[in-house]
Amino acid sequence: MTRLSVEMLAADPVEPITSAGHAQLGIAVLAGIAVIVLLITQFKLHAFLSLTIGSLALGAFAGAPLDKVITSFTGGLGTTVAGVGVLIALGAILGKMLADSGGADQIVDTILAKAGGRSMPWAMVLIASVIGLPLFFEVGVVLLIPVVLMVAKRGNYSLMRIGIPALAGLSVMHGLVPPHPGPLVAIDAVKANLGVTLALGVLVAIPTVIIAGPLFSRYAARWVDVPAPDRMIPQRASEDLEKRPGFGPTLATILLPVVLMLSKALVDIVIDDPENTTQRVFDVIGSPLIALLASVLLGIFTLLRPAGFGKERLTPLVEKGLAPIAGILLIVGAGGGFKQTLIDTGVGQMILDISKDWSIPALLLAWLIAVAIRLATGSATVATVSAAGLVAPLAADMSTTHTALLVLAIGAGSLFFSHVNDAGFWLVKEYFGLNVGQTIKTWSVMETIISVVAGGVVLLLSLII
């Protein structure tokens, strides 16, 4: 297990934009985060504005020149959006294609046709995990909720027995597996290898989703026994379509980016020669940009054409897919700006300095920081980007695998105990027709289980690899 040690200080530190001491920097960090929390929770200000103001407050409390703080923030924002913005956009387009063509419904219906009885919760977690790979959490919820409610109602299942596995599959993918925004930002911040992080993320996700999904749903169904609310069963996208894409082509389209990125990681490990032609080819086709772009282009032929979508519908579909991610991009970008402000004021080096004699594992420290920010702000994405900025210096002397595990530790911590300051909490509450107490006993506990189990698996893996 990688521990904080004096050797980590060998990395070249970033020249800070302030000469503040550790005490002043510590106060500045707490004040900056407090401003963000207060603006989000009490004043209901958008996270983008809150992160922007919080970054300026951090710099001001640290005694840094305001012009340099602005430069740090805008530089971090630009770098982050440049690194992950296109990937988020391509993921949103793919998700829209999957939804509107009926491809998502095709996967759902095919798997459900093969499942029944006790296997239904396992079928739901499988569906959610596959669907959740290319889709944002909120989009996945909107797609799967009608299926969850219909299965529960028609099959006379407990709503929680079916719903919790579906939510667990979506949440685990969202927090741990790229190309979701949080993991991508953390990978960029700590300079992790995307392919290795993806492979380890899937490895961590499997036991996590089993425990938090099908197994926990048994208890959730006992604690909260509510019927599926009829008013929340909307029309499915494919009900308006005369035909929809096949199961095999749809699944291949979803998994293509994963296969390409994992192939690149495998070739890098086996060959490990930057001048080798084969490795250079896989470095290109396995890059996130090319992998996701290839999936989108393939989707035109495997998803849209079989559903009867002509070329005149492609541009409107792309525009509709991109529109909802404007807020996400701004939040992610502002989170990157906040991260860069933390680094440039010397906070990262401060953490190394004051913790060099601690015996706490670096991965556990990353998890705890993400947990604290998640509890305070309610946003998994804000928790991920902020924690990644704080612990980025810890990755300086880490191996490739441990750097990837650092990303996963941050992702696991960012999912801890969703409560009333999290939009996802209210989304689940309203769709399932629960009260606040019932939502805490099911959704909030499930999120906590995901965070703890994933964090524990990450720590165990760090002892092995």
Side-chain angles (χ1 to χ4, degrees), residues 13-81 181-182 185-186 188-189 327-355 365-366 368-393 410 413-414 419-423:
V14 176
E15 185 67 29
I17 60 176
T18 174
S19 57
H22 288 169
Q24 184 178 353
L25 277 179
I27 294 172
V29 172
L30 294 176
I33 293 177
V35 168
I36 295 171
V37 172
L38 188 65
L39 292 176
I40 291 176
T41 58
Q42 296 300 316
F43 292 93
K44 309 302 179 185
L45 201 62
H46 191 275
F48 167 70
L49 295 174
S50 301
L51 283 163
T52 302
I53 297 171
S55 299
L56 297 175
L58 167 65
F61 282 113
L66 191 57
D67 59 335
K68 293 185 177 181
V69 175
I70 293 172
T71 301
S72 291
F73 175 78
T74 54
L77 186 150
T79 301
T80 302
V81 172
V185 172
D188 183 65
I328 295 173
L329 280 174
L330 288 172
I331 292 172
V332 168
F338 182 65
K339 173 208 74 176
Q340 194 60 44
T341 306
L342 287 167
I343 294 173
D344 289 353
T345 52
V347 173
Q349 189 62 36
M350 178 197 73
I351 290 178
L352 291 181
D353 290 343
I354 65 176
S355 59
L365 177 63
L368 289 171
I369 291 174
V371 165
I373 300 174
R374 159 69 159 183
L375 289 173
T377 66
S379 171
T381 302
V382 171
T384 299
V385 296
S386 300
L390 284 167
V391 304
I410 294 168
S414 74
H419 58 99
V420 294
N421 61 355
D422 177 20

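Quantities reported herein were computed from a predicted structural model and do not represent experimental measurements. The first residue in the sequence is number 1, and the count goes up from there.
- A donor-acceptor pair under 3.5 Å links the side-chain atoms of T345 to the main chain of L342, judged by distance alone.
- With respect to F338, the side-chain contact (heavy atoms from CB on, under 4.5 Å) criterion is satisfied by exactly one of V385, L390, L58, T80: L58.
- Remark: S55 OG to D344 CG distance equals 11.0 Å, nearest 0.5 Å.
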Working for side-chain contact (heavy atoms from CB on, under 4.5 Å), residues F73 and L56: CA-CA 8 Å; F73 175 78; L56 297 175; 5.6 Å; no
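- Shown here for A186 and T384, the closest heavy-atom pair between the two residues is CB-CG2, 3.9 Å.
- Put simply, the side chain of L39 does not reach to within 4.5 Å of the side chain of K44, judged on heavy atoms.
- Of all heavy-atom pairs spanning P393 and G389, the tightest one is CD-O, 4.2 Å.
- Using modelled atom types, no side-chain atom of Q340 and backbone atom of G75 make a donor-acceptor pair closer than 3.5 Å.
- Considering all non-hydrogen atoms of both residues, L375 and H419 come closest at O-NE2, 3.0 Å.
- Looking at I17 and S72, their side chains come closer than 4.5 Å, going by heavy atoms from C-beta outward.
- Considering every non-hydrogen atom in both A28 and A62, the closest pair reads CB-N, 3.6 Å.
- The two residues L51 and A334 have their closest heavy-atom pair at CB-CB, 3.7 Å.
- T52 contributes atom OG1, which lies 10.5 Å from atom CD1 of I331 (distance to the nearest 0.5 angstrom).
- Between the side chain of S386 and the backbone N or O of A383, no donor-acceptor pair lies under 3.5 Å.
- Distance check: L77 CG to F48 CZ gives 6.5 Å after rounding to the nearest 0.5 Å.
- Here the shortest heavy-atom pairing between I410 and A387 reads CG2-CB, 4.0 Å.
- Using a 4.5 Å cut-off on side-chain heavy atoms (C-beta onward), L45 and I53 make contact.
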